[in-house]
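One structure below.
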Amino acid sequence: MSSDTVSFGYSEVAPEDKTRMVGDVFQRVAKRYDIMNDAMSGGLHRLWKDHFVGQVRPRQSEAILDMAGGTGDIAFRMARRGADVTVSDINPHMLAVGMERAQKKGIEGLLWSEQNAETLSFGDKEFDAYTIAFGIRNVTDIPKALREAYRVLKRGGRFYCLEFSTTTWPGFKEVYDAYSHKIVPKVGKLIAHDEDSYRYLIESIRRFPDMPTFKRMIGEAGFVNTRVEPILGGLVAIHSGWKI
């Protein structure tokens, strides 16, 4: 990969083009995003998110920034535990879906903020926790976003990331690769009428750093006590770290 380009799926593009192109993808899939998550994971994403929030352990009146929070899945779970959650996303279409869902569910008190993870408008040391679920791989400059996460956290603050990774289970990896590359784009075409966007989403998973590499990147951003918890052998992983 050239130092002047970044990955967009299996393609190489200019950084500014990736930000725009990812925005286009999520604008197209926003309204059917949660339906597609169910279709692609067989509903497992709901269990993964429950477990993720259990690991975060949101507490009453804690200030938590849920980045790439889009449709609100993680924020709703944390708000039910009493946390004061700011839901941020670079894509206004995803935020609009989240706000509509919150209204329908009767969930109040969430703050909604359009933000770029690489250039947050929040001040230093504002949040007790920073969460990001299935969003970090779509960020153009991941190390910069991790540094911003570190900056906005208070001392003692914690970082938690739920993201697809690379499973290490023999046999399962090959089955999942075949399923994701051949079936998921077709499901995207059937349900969301958008095969290309879901092909990008699968390709973006393949280009994302493996678990040890991403764990090291979190440490390089300043976090300590970094950990990774693989799920299904690393098909999905929870990475975490602390700011001290």
Side-chain angles (χ1 to χ4, degrees), residues 6 8 14-27 30 33 49 52-53 55-56 58-59 61-79 83-99 102 109-163 204 208-209 214-226 238-244:
V6 293
F8 177 80
E16 61 273 16
D17 289 339
K18 175 173 179 173
T19 302
R20 174 183 54 77
M21 292 163 75
V22 169
D24 290 344
V25 166
F26 283 93
Q27 178 178 342
Y33 185 69
K49 290 169 180 174
F52 176 67
V53 171
Q55 295 296 94
V56 176
R59 295 186 288 272
S61 301
E62 264 195 324
I64 300 181
L65 175 61
D66 183 37
M67 192 62 223
T71 57
D73 264 6
I74 300 298
F76 297 161
R77 287 167 168 81
M78 295 194 294
D84 295 330
V85 186
T86 299
V87 189
S88 293
D89 202 295
I90 195 172
N91 194 300
H93 301 278
M94 295 289 281
L95 287 171
V97 170
M99 286 186 276
L110 295 170
L111 296 176
W112 302 85
S113 179
E114 187 176 336
Q115 297 280 339
N116 184 330
E118 300 170 28
T119 53
L120 298 174
S121 67
F122 307 111
D124 297 351
K125 303 175 184 176
E126 281 199 27
F127 297 97
D128 297 292
Y130 176 114
T131 59
I132 183 165
F134 302 121
I136 194 76
R137 74 180 190 277
N138 297 305
V139 172
T140 301
D141 188 336
I142 293 174
K144 189 174 182 181
L146 292 173
R147 291 193 298 271
E148 276 292 89
Y150 184 87
R151 180 184 66 80
V152 300
L153 280 172
K154 300 174 183 176
R155 289 194 177 277
R158 57 208 191 276
F159 169 89
Y160 277 88
C161 174
L162 175 67
E163 187 54 88
S204 69
F208 189 68
F214 188 52
K215 180 175 180 284
R216 187 184 71 244
M217 291 168 68
I218 294 169
E220 289 171 349
F223 292 100
V224 299
N225 295 334
T226 54
I238 298 174
H239 283 80
S240 59
W242 292 77
K243 176 178 179 177
I244 61 172

Shortest non-hydrogen separation from [X] to [Y] and the atoms involved:
X      : Y      : answer
Gly123 : Arg151 : C-NH1, 3.5 Å
Ile136 : Leu146 : CD1-CD2, 4.5 Å
Pro58  : Val53  : CD-O, 3.3 Å
Glu118 : Val139 : OE2-CG1, 3.6 Å
Met67  : Asn116 : CE-C, 4.3 Å
Gly70  : Asp89  : N-OD2, 3.0 Å

So [Y] and [X], do their side chains get closer than 4.5 Å, heavy atoms only?
X      : Y      : result
Leu65  : Leu120 : yes
Ile74  : Lys49  : yes
Ser240 : Gln55  : no

Inter-residue atom distance [X].[atom1] - [Y].[atom2], 0.5 Å rounding:
X      : Y      : atom1 : atom2 : answer
Met78  : Asp84  : CE    : CG    : 11.0 Å
Phe127 : Thr86  : CZ    : OG1   : 4.5 Å
Met94  : Trp112 : CE    : CH2   : 10.5 Å
Ser88  : Leu95  : OG    : CG    : 7.5 Å
Phe52  : Ile132 : CZ    : CD1   : 9.0 Å
Glu148 : Asp124 : CD    : CG    : 8.5 Å

Q. Side chain to side chain contact (heavy atoms under 4.5 Å, CB included) between Phe134 and Glu163: does it pass, once the steps are laid out?
A. CA-CA 5 Å; Phe134 302 121; Glu163 187 54 88; 3.8 Å; yes
Q: Evaluate side chain to side chain contact (heavy atoms under 4.5 Å, CB included) for Lys125 paired with Lys243, printing each intermediate quantity in order.
A: CA-CA 10 Å; Lys125 303 175 184 176; Lys243 176 178 179 177; 3.9 Å; yes
Q | salt bridge (Lys or Arg N to Asp or Glu O under 4.0 Å) against Glu220, all qualifying residues, sequence neighbours excluded | A |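 With sequence neighbours excluded, Glu220 shows a salt bridge (Lys or Arg N to Asp or Glu O under 4.0 Å) to Arg216, given in chain and number order.
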Q: State whether the side chain of Tyr130 and the backbone N or O of Val152 hold a donor-acceptor pair below 3.5 Å, judged by distance alone.
A: no
(Q) Whether the side chain of Arg158 engages the backbone of Trp242 through a donor-acceptor N/O pair (distance < 3.5 Å, no angle test) should be reported. (A)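 Absent.
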Q: Step by step, work out the side chain to side chain contact (heavy atoms under 4.5 Å, CB included) result for Thr119 and Lys144.
A: CA-CA 8 Å; Thr119 53; Lys144 189 174 182 181; 4.0 Å; yes
Q) Could you walk me through whether Gln115 and Phe122 pass the side chain to side chain contact (heavy atoms under 4.5 Å, CB included) check? A) CA-CA 9 Å; Gln115 297 280 339; Phe122 307 111; 3.6 Å; yes
**Q.** Side-chain donor-acceptor contact under 3.5 Å, Asp66 with Thr131
**A.** yes
(Q) Less than 6.0 angstrom separating the ring centers of Tyr150 and Phe159, yes or no? (A)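 No, they do not, as the ring centres are separated by 6.0 Å or more.
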